[in-house]
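See structure below.
For the single chain, residues carry numbers from 1 onward in sequence order.
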Amino acid sequence: MQRHVMVDGKVRTDKTYPAGFMDLVSIPKTNEDFRLLYDTKGRFRLHAITGDETKFKLCKVRSVQFGQKGIPYINTYDGRTICYPDPLIKANDTIKLDLENNKIVDFIKFDVGNVVMVTGGRNRGRVGVIKSREKHKGSFETIHIQDAAGHEFATRLGNVFTIGKGTKPWVSLPKGKGIKLSIIEEARKRLAAQNAV
């Protein structure tokens, strides 16, 4: 093992180490950094990033709890536990985590009007702005989302990951910018690319 690959700023030598959504994979020797994101077909994509974006990752908050002696802490979707978070942070919000010192730099509330990426279900990989939130007693909450092309779709609350305030995402997006094309639109795009060659 040559200890070349880092995940979230830590050297990982286990070749079966599980890396997931929003994880930062870096290879210092070739000076390359990638973030694991979904493309519009719901497949993992290694999205090349540079500059300040290599210093942080976004984490979705699973729950907020109190430990011994009433110390508040949050659990994130990637298995982290962070003590003494900002008291305004609640479940389903997204935190911006500095990977060097594991501190919360900023956070995004889970609110209507914020930009989100869908991380599960048939719409996985799509990016859009939350339009409304339907609460169902004893069942799943439904979130209605509208993407940049004006298409509306709905998904469950658990499948939604906030990636920015307003319409500006805090992370750069892979090719396609999270807008899912229909089969016909894709065929037209391919034809146009072939004709251009």
Side-chain angles (χ1 to χ4, degrees), residues 8-9 19-24 33-40 42 44-45 47 49-66 72-121 123-135 140-149 151-174 176-180:
D8 285 344
F21 181 65
M22 277 292 166
D23 282 356
L24 199 77
D33 296 279
F34 304 96
R35 194 184 296 284
L36 264 174
L37 295 169
Y38 291 111
D39 66 2
T40 48
F44 269 128
R45 273 278 168 270
H47 174 58
I49 53 173
T50 51
D52 289 343
E53 219 186 315
T54 60
K55 307 273 196 306
F56 71 90
K57 74 179 284 193
L58 300 181
C59 300
K60 183 174 174 177
V61 178
R62 277 258 167 90
S63 64
V64 182
Q65 290 166 320
F66 291 96
Y73 67 90
I74 57 173
N75 296 108
T76 64
Y77 81 110
D78 57 351
R80 293 170 193 267
T81 304
I82 302 166
C83 291
Y84 297 112
D86 187 309
L88 295 174
I89 298 175
K90 297 282 178 273
N92 297 319
D93 292 351
T94 298
I95 58 166
K96 183 176 178 178
L97 188 78
D98 185 348
L99 290 170
E100 279 172 28
N101 50 25
N102 272 350
K103 293 272 189 299
I104 300 172
V105 186
D106 204 348
F107 67 97
I108 312 165
K109 295 295 290 174
F110 186 82
D111 278 334
V112 170
N114 283 347
V115 64
V116 296
M117 187 176 229
V118 181
T119 58
N123 291 312
R124 181 191 290 159
R126 293 180 78 172
V127 173
V129 174
I130 303 177
K131 282 285 164 210
S132 62
R133 179 175 173 174
E134 278 177 30
K135 294 192 177 176
F140 296 99
E141 282 194 31
T142 309
I143 307 295
H144 291 269
I145 302 164
Q146 185 176 34
D147 69 10
H151 303 301
E152 289 205 12
F153 57 97
T155 188
R156 287 177 177 177
L157 174 65
N159 295 339
V160 172
F161 190 114
T162 319
I163 55 170
K165 286 184 181 170
T167 53
K168 179 122 180 57
W170 284 4
V171 292
S172 60
L173 298 172
K177 300 278 177 258
I179 297 166
K180 192 173 190 177

Given side chains that start at C-beta, do those of V171 and M22 come closer than 4.5 Å, heavy atoms only?
yes
When you measure from the side chain of K57 to the backbone of T54, do you find a donor-acceptor pair of N or O atoms at a distance under 3.5 Å?
no
N159 and R124, any side-chain heavy atoms less than 4.5 Å apart
no
Counting only heavy atoms not in R133, do more than 12 fall under 6.0 Å of its CZ?
yes
Using the side chain to side chain donor-acceptor pair (under 3.5 Å) definition, which of the options N114, T94, D93 pairs with K109?
D93
If the condition is salt bridge (Lys or Arg N to Asp or Glu O under 4.0 Å), which residues does D147 pass it with, not counting sequence neighbours?
R126
To the nearest 0.5 Å, atom CD1 of I143 lies from atom OG1 of T155 at 8.5 Å
Atom pair NZ (K103) and CG (D98), whose distance is rounded to the nearest 0.5 Å
9.0 Å
Would a 4.5 Å heavy-atom cut-off, applied to side chains only, mark T76 and L97 as touching?
no
With a 4.5 Å limit on heavy-atom distance, are the side chains of F110 and V160 in contact?
yes
Result of checking N92, I95, D78, T162 against K60 for side-chain contact (heavy atoms from CB on, under 4.5 Å)
N92
Residue D52 excluded, over 12 heavy atoms near CG under 6.0 Å:
no
Can you give me the closest heavy-atom contact between A149 and I179, atom names plus distance?
CB-CG2, 3.9 Å
What heavy-atom pair brings L37 and P174 nearest, and what distance separates the two atoms?
CD1-CD, 3.6 Å
Apply side chain to side chain contact (heavy atoms under 4.5 Å, CB included) to residues D86 and I104 and explain how you reach the verdict.
CA-CA 8 Å; D86 187 309; I104 300 172; over 6 Å; no
Flag, side chain of Y77 to backbone of F21, donor-acceptor distance under 3.5 Å
yes
Enter the distance from F153:CZ to H144:NE2 here, rounded to the nearest 0.5 Å.
11.5 Å
Answer yes or no: is there a side-chain heavy-atom contact under 4.5 Å between H151 and N123?
no
CA sep, side-chain torsions, deciding dist, call: L58, M117, side chain to side chain contact (heavy atoms under 4.5 Å, CB included)
CA-CA 12 Å; L58 300 181; M117 187 176 229; over 6 Å; no
Let's go through F56 and L24 carefully: what are the C-alpha distance in whole Å and the side-chain angles of both, what is the deciding distance for side chain to side chain contact (heavy atoms under 4.5 Å, CB included) to 0.1 Å, and is it a yes or a no?
CA-CA 8 Å; F56 71 90; L24 199 77; over 6 Å; no
Heavy-atom closest contact (A91 atom, S63 atom, distance):
CB-CA, 4.4 Å
Restricting to ring pair (Phe, Tyr, Trp, His ring centres under 6.0 Å), what partner residues turn up for F44, sequence neighbours left out?
Y38
Side chains of I82 and N102: does their closest heavy-atom pair fall under 4.5 Å?
no
K131 and E152: CA distance, side-chain angles, deciding distance, salt bridge (charged side-chain N to carboxylate O under 4.0 Å, His left out) verdict
CA-CA 9 Å; K131 282 285 164 210; E152 289 205 12; over 6 Å; no
Is there a side-chain contact between I74 and F107 in this structure, where contact means two heavy atoms from C-beta onward sitting under 4.5 Å apart?
no
Taking atom CG of D33 and atom CD1 of I49, what is their separation to the nearest 0.5 Å?
5.5 Å
Once rounded to the nearest 0.5 Å, what's the spacing between atom OG1 of T142 and atom NZ of K135?
12.5 Å
Tell me the closest heavy-atom pair linking G120 and V118, and the distance in Å.
O-CG1, 3.2 Å
